Amino acid sequence: MNKKETPLPRLESWINPRPAKKVERPSQKLPEDAGEDENRYRALLEHLPLGIAILCEGNMVFVNRSGARMMGAESPEKMIGSNFLNFIHPDSRHESLSRISKVLEGENVPTLEQKYIRLDGKVIDVEVSGYPFVHQNKPAIQVIMKDITEEKENRMAVKKSETLFSQLFHVAPMAIVMLDNEGRVVQINPGFEKLFGFSFSELCGQELNQTIVPDALETEGNDLNTLISTKQVVRLETKRKHKDGTLLSVIIYGLPVHFEDKTIGIFGVYVDITEQKKIEEELKVRNTELDNFVYKVSHDLRAPLSSVLGLVNLANLPGNDDNVKDYLTVIGNKVNQLDHFIIDVLSHSKNLKLDVIIEPVHFQELIDQTFIDLTYLTGTDQIKRTVVVEGLPFFNDRWRIAEIFRNLVSNAFKYRDLEKVNPEINLTILITESLAQITFSDNGIGIDPDNLKKIFNMFYRASEQSDGSGLGLYIVKNAIDKLGGEIQVRSTMGKGTTFVIKLPNHRPALEAKHPRR
């Protein structure tokens, strides 16, 4: 009891009890005149699995065998006459005295959890209840004790396991869903919400087939639940649907939860492999490109070289009186052809490797420079060009946009309609805060409808009129993809072709004014 606390009523003799008198006969034995009912009562107490003790004036006057074992005594006799406060942990003593006072006053006290100290010094957790009792015509208390130390430790272990599981469930980077035995959603983790866009309130009690399973895979979803419920762990690579309808590539691990030989639920673990799949598809494309490139090197590079070597050998033949200048003209054309092919290959390689660099793009200057650079092409002096640039300043990757124009303008020269006396190129660029829309049109030979879907393929030539590399529009499409834009094309045979390109405008938050476009 703390010094500041006043003694509790009727407990003076309990707090400082007189030592119990020593008797030759152990107090556990009943007097010779004890009644038969009391003998039966004591026999019952001795066989109870609970600790039973009787306290009188602060001393322990009776304890059964279970109580003695609980407190670490060899026998009940070792505890008889002991001050009961010796067995109560200091943190619980004042509370115990208060309860004893209430019991002696006839009040009911609820069962309470307290800490006791065994004879060997070990602290145990005990569930205690007390009731009024009379011992040798003196007020006493009967105490019923239950050792819950192991039970508390088990509860703590379970709570710890639940905490570890809960933390693992909620912080795991994978998407995890918990289903009941009928396949309805019981819980989802933040990773699931992030991957699929659904909140728990939207999915609780729902079947996943109604939400994230694509319609075409509904049967697969049903079969998967059935398979897992047969106690099999399942791994499946498939597709699932985001809340916005986007399809995601995922690996699903289905883990059944068993209890007493029954499946009571299912854990579904989803690993997002969408980016990995994109990389795999990109790798397939690049491998195909590599195969095509090897073929083109063996054909388009060797063919001009073979022609040059043939002309050289022809010029060296004895008795050949051809004009060597004619040979040089052909050789020059073949070398230019090789040079253009190499430039296109290097441009494609650079587009793949270089990061996008955001900088001001002045379209008028860039287009003018493109026409100047391509003046070596046949027919450039015959084509009329019209360029209109309107709107706000534009910011994106200048080099890639220059490559887009270089290839579009070059194709317009190569595929011009030779029968028309007024070949044209018309360029209209409208710039807003979010994008630039570029409309590029010509009145050339046009593209056959069957070829429109193929024009962006590597090394594809829509017409035999050009002896180019076949990389031009492929470079255009890849550069636009790299910039996060899009391109559409429409064409009519004999009338011309129109490309509509949309590129994002990455305007700085606090941009300087750039009047030039």
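It should be emphasised that the depicted structure is a prediction, and the values quoted were computed from it without experimental measurement.
A salt bridge does not link R400 with E403: none of the charged nitrogens is closer than 4.0 Å to a carboxylate oxygen. Under 4.0 Å is where a charged nitrogen must lie from a carboxylate oxygen, and between E151 and R155 at least one such pair does. The residues E275 and K278 are annotated as salt-bridged, a charged nitrogen and a carboxylate oxygen being separated by less than 4.0 angstrom. Residues K277 and E237 are paired through a salt bridge, judged by an N-O separation under 4.0 Å between the basic side chain and the carboxylate.
In this structure, R240 is not positioned above the aromatic face of Y270 in the sense of NZ or CZ being under 6.0 Å from the six-membered ring centre and within 45° of the axis.
Nearest heavy atom pair, residue D417 against residue N443, reads CB-O, 4.0 Å. Among all heavy-atom pairs drawn from S199 and I188, the shortest one is C-CD1, 3.9 Å. The heavy-atom pair separating L503 from I480 by the smallest distance is CD2-CG2, 4.3 Å. Looking at every heavy atom in both residues, G205 comes nearest to R184 through O-CD, 3.2 Å. Contact detail for L452 and S491: the closest heavy-atom pair is CD2-CB, 4.2 Å. Counting all heavy atoms, side chain and backbone alike, I447 lies closest to M493 at C-SD, 3.2 Å.
Between the side chain of N505 and the main chain of P393, a donor-acceptor pair closer than 3.5 Å is present. The main-chain N or O of G494 is found under 3.5 Å from a side-chain atom of K420 such that the two form a donor-acceptor pair. A distance-only check finds no donor-acceptor pair linking the side chain of K115 to the backbone of D91 [under 3.5 Å]. The backbone N or O of K239 lies less than 3.5 Å from no partner atom in the side chain of S249, so there is not a single donor-acceptor pair. The closest donor-acceptor contact from the side chain of N189 to the backbone of F192 lies under 3.5 Å. A donor-acceptor pair is defined here as one N or O able to donate and one able to accept, closer than 3.5 Å; no such pair exists between the side chain of D442 and the backbone of G496. For N396 (side chain) and P504 (main-chain N/O), a donor-acceptor pair under 3.5 Å exists by modelled atom type. Judged purely by atom type and a 3.5 angstrom limit, N407 has no side-chain atom pairing as donor or acceptor with the backbone of L473.
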Would you please test R118 and D120 for salt bridge (charged side-chain N to carboxylate O under 4.0 Å, His left out) and show each step? CA-CA 5 Å; R118 288 165 40 104; D120 58 8; 2.8 Å; yes
Kindly indicate, with the supporting measurements, whether the criterion side chain to side chain donor-acceptor pair (under 3.5 Å) is fulfilled by Q369 and E365. CA-CA 6 Å; Q369 187 61 48; E365 290 182 2; over 6 Å; no
Any chance you could lay out the side-chain contact (heavy atoms from CB on, under 4.5 Å) test for D125 and E153, step after step, and finish with the verdict? CA-CA 10 Å; D125 293 293; E153 290 175 351; over 6 Å; no
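Residues K146 and T111 fail the side-chain proximity criterion, which asks for heavy atoms closer than 4.5 Å. Using a 4.5 Å heavy-atom cutoff, the side chains of I383 and F413 are in contact. Two residues are said to be in side-chain contact when any heavy atoms from C-beta on lie closer than 4.5 Å; V213 and E220 fail this criterion. Residues D147 and Y116 form no side-chain contact, since every pair of their non-hydrogen atoms from C-beta on lies 4.5 Å or further apart. The shortest side-chain heavy-atom distance between F440 and I425 falls under the 4.5 Å cut-off. In this structure, the side chains of F394 and I401 come closer than 4.5 Å at one or more pairs of heavy atoms. For the pair L427 and F405, the minimum side-chain heavy-atom distance is below 4.5 Å. The shortest distance between side-chain heavy atoms of T432 and L430 does not fall below 4.5 Å.
At most 12 non-hydrogen atoms from other residues, nucleotides or ligands lie less than 6.0 angstrom from CG of N108.
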